[in-house]
Amino acid sequence: MVQKVLEVEKLKVGINDDGRKIAIVNGISFTLEKGETLGIVGESGCGKSMTSLSLMGLLPPGVEWLEGDIQTHDLHFKKFNKQDWRKVRGKRIAMIFQEPMSSLNPVYTIGKQIMEMILSHEHVSKQQARDRALEMLKLVGIPRPEQVLDEYPYQLSGGMRQRVMIAIALSCNPEILIADEPTTALDVTIQAQILELMKKLQEQLHMSIVLITHDLGVVAEMCNRVIVMYAGEIVEEAKVVDLFDETKHPYTKGLLASLPDIADEKEYLSSIPGIVPAPENMPSGCRFAPRCPNVHQRCMEAPPLFDVKGSKVKCWLYEHGDSEVVM
Amino acid sequence: MIGYVIRRLFHTVLVVFAISLLIFFSIRLTGDPVSVMLSAGEPSKEAIAQLKANLGLDKPLYVQYFIFLKGLVMFDFGESFRSGGPVIDLIMDKAGATLALAVGGILVSIVIAIPVGILSAVKRGTFVDFFGRVFSLMGISFPNFWLGIMLILIFAVNLKWLPSSGFDGPQNLILPSITLGMILSGILARLVRSSMLEVMNQQYISTAKSKGISDWAVIIKHAFRNALLPTVTFIGLQFGSLLGGAVIVEQIFSWPGIGRLIIDAINQRDYPVVQGGVIFLSIIMVFVNLVVDLSYSLIDPRIKSGGSGHA
Ligand SMILES: Nc1ncnc2c1ncn2[C@@H]1O[C@H](COP(=O)(O)OP(=O)(O)OP(=O)(O)O)[C@@H](O)[C@H]1O
Ligand SMILES: [Mg+2]
């Protein structure tokens, strides 16, 4: 029996410009199961970060929660006030960011920054918090943890800082970890180490991870299930094997085709022509239609998410289930 | 660290030397002290020559300058033309009043500007921000003397709450400090606002928020703590213009400080007092900047004052 730890229901997030609502994330629904890693992929600007920030109640000024709900166990985020959010952040859901070089406060020691998280959620003494911070540094594989506790971020490399960020995020043993492009800014070898670490800790701590990335290689490596987002909507949701072996949505196919294939001799990168439309002038039908190689009459109308063999696809080609149209 | 302080002291000597040149020659463009001092009656040629010789003004200009410089090395500013007493005594007599005023002015500007700047930044685009910015603009555009006179009219003349002049107690310090501090607080509030806005865009602010700590902990502990460096630098840099402002404020409030001493001395062409006063103020200024620089390493662990690295 799988246990749901997070349920996002018809979440709509956007700009409320004097009553004129422009959706950035347009009514997406998904669930997160205990212990799994859910990938969210899509081109830049498709709303991945906005989705993850909604989960933390940290939407930037000017961007509002318009509709829908997010639920974890008995908590409904829609009804949350500031105080409720503070209890969730860090304690139930923690987050790590893309830029390890700038995500730690330059003026406080590493130890202080980990302790702050612990002290804000748990009734422990400073010494206990410090002991826990040290434990966390050991857990994430920081060499000479005793010294690092009293060092400042500038004294650490990018990879080490991202480990520290993970230590902070996991210090209150959250059920869910959101990682928004956690390795994009790192060297390839460091990237692999950080992903390895996340995988190891996930098993050790039984947490669920939402991993946002635009690197399908990382998805293949890390995820159980994947959500493909396009222009603020989910266009495909599938188990990771199915996503690669039985790719359905033309957009996903385009993303996969633009992956550099090392086995392939030719270094040709086919990328999807055109750009993601801006939230304020979305096409009225299928949002991908203007860039889609399979566009047809039906696409003037927005498709729903069709269930196809355990996957979900937002494309008219799958209106009649798995009867895949020859392309 | 020690090497750094020595470099800075050397730098200070250069600055003081340049200022000594400037003030020595520019004060001599303002007029002849002998004619001011002997203005009563018709002085004889002999009397004029005698006085010039007494004051050392009969020697060539470069000789006078070297005598002045030689004294300066021993912290000897010479004797006042008027009273004959040592200039250093006159200055020390007034230094306390000026420093009290400068510190008062800085305190007032900090107490006003930091909350205004922080609130403006946090409530960016709201009416709080609007008022904050109007306040900054007013602080910047009101001339010192106008503000001083308005404060005297309201609080001293009409309400009779506070004295308008003199130096009998702490209550005397209030109006002059506000006058002096308001100007600085306008610019300072603007600077705090813009540094806060910049800092609040940083990733580590998102990290802080994601920890579930209170909004104010994010704003003060994380954002303002980082906006402190430009703020302190700025206050240090403004210290010079603050002393300049003090000269005017001392006039308005009959404040017995170095500013008034210098202005009176200029009117009387009392060269040694003017020279001594200006040099003294510049030494204070350079010293304050040094202290500010040294305080950086306390504020920002990344800065080690260009020193050995192991603090
Ligand atoms: N503060 C904001 N106010 C208004 N619109 C915003 C704001 N921040 C982002 N947006 C818009 O929201 C949309 C989605 O942005 P988001 O950051 O979620 O994209 P993303 O999928 O994370 O992209 P990336 O891969 O570049 O991180 C973009 O079209 C962007 O223009
Ligand atoms: Mg993003």
Side-chain angles (χ1 to χ4, degrees), chain A residues 49 52-53 55-62 82-110 112-122 150-155 161 164-165 168-169 171-172 174 177-180 185, chain B residues 118-130 193 195-233 295-311:
Chain A
S49 293
S52 65
L53 291 170
L55 303 179
M56 295 288 281
L58 288 177
L59 289 170
K82 271 188 181 169
Q83 225 47 36
D84 299 329
W85 274 120
R86 281 181 52 194
K87 281 181 215 147
V88 166
R89 288 179 201 146
K91 181 74 187 151
R92 287 187 182 232
I93 308 179
M95 186 159 181
I96 57 176
F97 300 90
Q98 177 173 351
E99 287 290 337
M101 296 315 271
S102 56
S103 50
L104 291 167
N105 194 325
V107 305
Y108 294 115
T109 59
I110 303 299
K112 234 182 164 171
Q113 300 193 50
I114 305 176
M115 286 163 66
E116 182 180 37
M117 177 83 138
I118 300 165
L119 290 169
S120 73
H121 289 292
E122 283 164 36
D150 292 316
E151 283 181 0
Y152 290 93
Y154 78 94
Q155 294 167 286
R161 289 189 210 185
V164 170
M165 272 306 294
I168 294 176
S171 62
C172 290
L177 176 70
I178 302 169
D180 191 348
Chain B
I118 291 177
L119 277 176
S120 275
V122 172
K123 306 275 177 200
R124 181 187 196 175
T126 66
F127 83 101
V128 177
D129 185 21
F130 175 76
R193 178 182 183 272
S195 334
M196 282 293 287
L197 286 177
E198 197 181 313
V199 169
M200 287 198 299
N201 272 327
Q202 301 290 319
Q203 186 89 75
Y204 55 77
I205 298 300
S206 305
T207 304
K209 287 180 183 165
S210 77
K211 288 177 173 179
I213 59 177
S214 75
D215 289 356
W216 282 108
V218 173
I219 291 163
I220 303 298
K221 265 183 75 182
H222 289 271
F224 182 64
R225 183 65 179 65
N226 277 280
L228 203 56
L229 191 64
T231 307
V232 170
T233 311
S295 71
Y296 287 171
S297 55
L298 294 179
I299 297 172
D300 190 335
R302 286 164 298 185
I303 301 169
K304 285 276 181 271
S305 299
S308 53
H310 296 285

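Every chain is numbered from 1 and lettered A, B, ... according to where its sequence line falls, protein lines coming before strand lines. This one's a predicted model, so the numbers in the text were calculated from it and none came from an experiment.
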Considering only heavy atoms, which portion of [X] lies under 4.5 Å from any heavy atom of chain B: side chain, backbone, both, or neither?
X: A/Gln113; result: both
X: A/Met101; result: neither
X: A/Leu58; result: side chain
X: A/Lys91; result: neither

When rounded to the nearest 0.5 angstrom, what is the spacing between [atom1] in [X] and [atom2] in [Y]?
X: B/Gln203; Y: A/Phe97; atom1: CD; atom2: CZ; result: 5.5 Å
X: B/Lys211; Y: A/Ile118; atom1: NZ; atom2: CD1; result: 9.5 Å
X: B/Ser206; Y: A/Leu53; atom1: OG; atom2: CG; result: 7.5 Å
X: A/Trp85; Y: B/Asp215; atom1: CH2; atom2: CG; result: 13.5 Å

ask   = Do you know which two heavy atoms are closest between B/Pro301 and A/Pro106, and how far apart they sit?
value = CG-O, 3.3 Å
Over all atoms of both residues, closest heavy-atom pair of A/Arg86 and B/Gly212 = NE-O, 3.2 Å
ask   = If contact means a heavy atom pair closer than 4.5 Å, which residues of residues 218-227 of chain B contact chain A?
value = B/Lys221, B/His222, B/Arg225, B/Asn226
message = Counting heavy-atom pairs closer than 4.5 Å to chain B, which one of A/Lys82, A/Met165, A/His121, A/Glu116 comes out on top?
response = A/Glu116
task = Counting only heavy atoms closer than 4.5 Å, note whether B/Ile299 contacts chain A via side chain, backbone, both or neither.
result = backbone
ask   = For the side chain of B/Thr207 and the backbone of A/Ser103, is there at least one donor-acceptor N/O pair under 3.5 Å apart?
value = yes
ask   = Is the number of heavy atoms from other residues, nucleotides or ligands under 6.0 Å of A/Glu122 CD greater than 12?
value = yes
